[in-house]
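Residue numbers count from 1 along this sequence. FYI, side chains are in, hydrogens and waters are out, and symmetry mates aren't considered; it's all heavy atoms of this structure.
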Amino acid sequence: MIRTRGLAYRYGAGPQLQFADVDLPQRGTLLLQGRSGSGKSTWLALVARHRAATGGRLFVAGLQRGTRRVVDTASSTHLTHATLSRRHV
């Protein structure tokens with residue numbers, strides 16, 4: 001179950017996005033619909049904890065989750081100046 005209460009996010013000095021409260025049961029379905037820039041992707045990033053909320057509360061499976069940000073290191077890349085054949089010699 002995912003529950004949000006007063007969830008909010010602010011991009012820099014811009015206006016704060018305020019999200020509707022959500023009660024999503026386990027195995028439930030949620031449709032996020034809105035115009036471009038309305039906060040659909042931001043809400044998902046907050047729930048997935050890829051971004052830290054600037055306000056409100058997030059509960060997952062009945063437990064309140066902090067605003068600690070999760071960093072995805074699997075998608076990081078490393079560039080090198082050598083060609084593939086030179087690196088494996």
Engineer: Taking the side chain as every heavy atom from C-beta outward, state whether L46 and L7 have any atom pair closer than 4.5 Å.
Structural biologist: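 Side-chain contact under 4.5 Å: yes.
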Engineer: Once side chain to side chain contact (heavy atoms under 4.5 Å, CB included) is applied, do any residues pair with R10, and if so which ones, sequence neighbours excluded?
Structural biologist: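 For R10, the residues satisfying side chain to side chain contact (heavy atoms under 4.5 Å, CB included) (neighbours in sequence not counted) are Q16, T54.
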Engineer: Which residue pairs pass the side-chain hydrogen bond (donor to acceptor under 3.5 Å, both in side chains) test when at least one of the two sits in residues 26-36, sequence neighbours left out?
Structural biologist: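 Every candidate side-chain hydrogen bond (donor to acceptor under 3.5 Å, both in side chains) pair involving residues 26-36 fails, so no pair, neighbours aside, qualifies.
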Engineer: Once you round to the nearest 0.5 Å, how far does CZ of R51 lie from CG of L44?
Structural biologist: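 So the gap between those two atoms works out to 11.5 Å.
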Engineer: Run the side-chain contact (heavy atoms from CB on, under 4.5 Å) check on T4 and W43 step by step: do they pass?
Structural biologist: CA-CA 10 Å; T4 64; W43 187 86; 4.2 Å; yes
Engineer: List for me each residue that meets side chain to side chain donor-acceptor pair (under 3.5 Å) alongside T42, sequence neighbours excluded, and say none if there are none.
Structural biologist: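 Y11.
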Engineer: What closest approach, in Å, do Q18 and A8 show between heavy atoms, and which atom pair accounts for it?
Structural biologist: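 Smallest interatomic distance, heavy atoms only, reads OE1-CB, 3.4 Å.
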Engineer: For D23, which residues count as a side chain to side chain contact (heavy atoms under 4.5 Å, CB included) partner, sequence neighbours excluded?
Structural biologist: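 Residues passing side chain to side chain contact (heavy atoms under 4.5 Å, CB included) with D23: M1, R3, R5.
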Engineer: Rounded to the nearest 0.5 Å, how far does OG of S41 lie from NE2 of H50?
Structural biologist: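 Spacing of NE2 (H50) from OG (S41) equals 12.0 Å.
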Engineer: What pairs with F59 under ring pair (Phe, Tyr, Trp, His ring centres under 6.0 Å), at least two apart in sequence or on another chain?
Structural biologist: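 With neighbours one apart ignored, the set is empty.
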Engineer: Give, for atom OH of Y9 and atom CZ of F19, the distance between the pair rounded to the nearest 0.5 Å.
Structural biologist: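 Answer for the OH-CZ pair, Y9 versus F19, is 9.5 Å.
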Engineer: Looking at residues at least two apart in the chain, or sitting in another chain, which of them share a side chain to side chain contact (heavy atoms under 4.5 Å, CB included) with L24?
Structural biologist: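 Partners of L24 by the side chain to side chain contact (heavy atoms under 4.5 Å, CB included) criterion, ordered by chain and then number, come out as I2, V22, L30.
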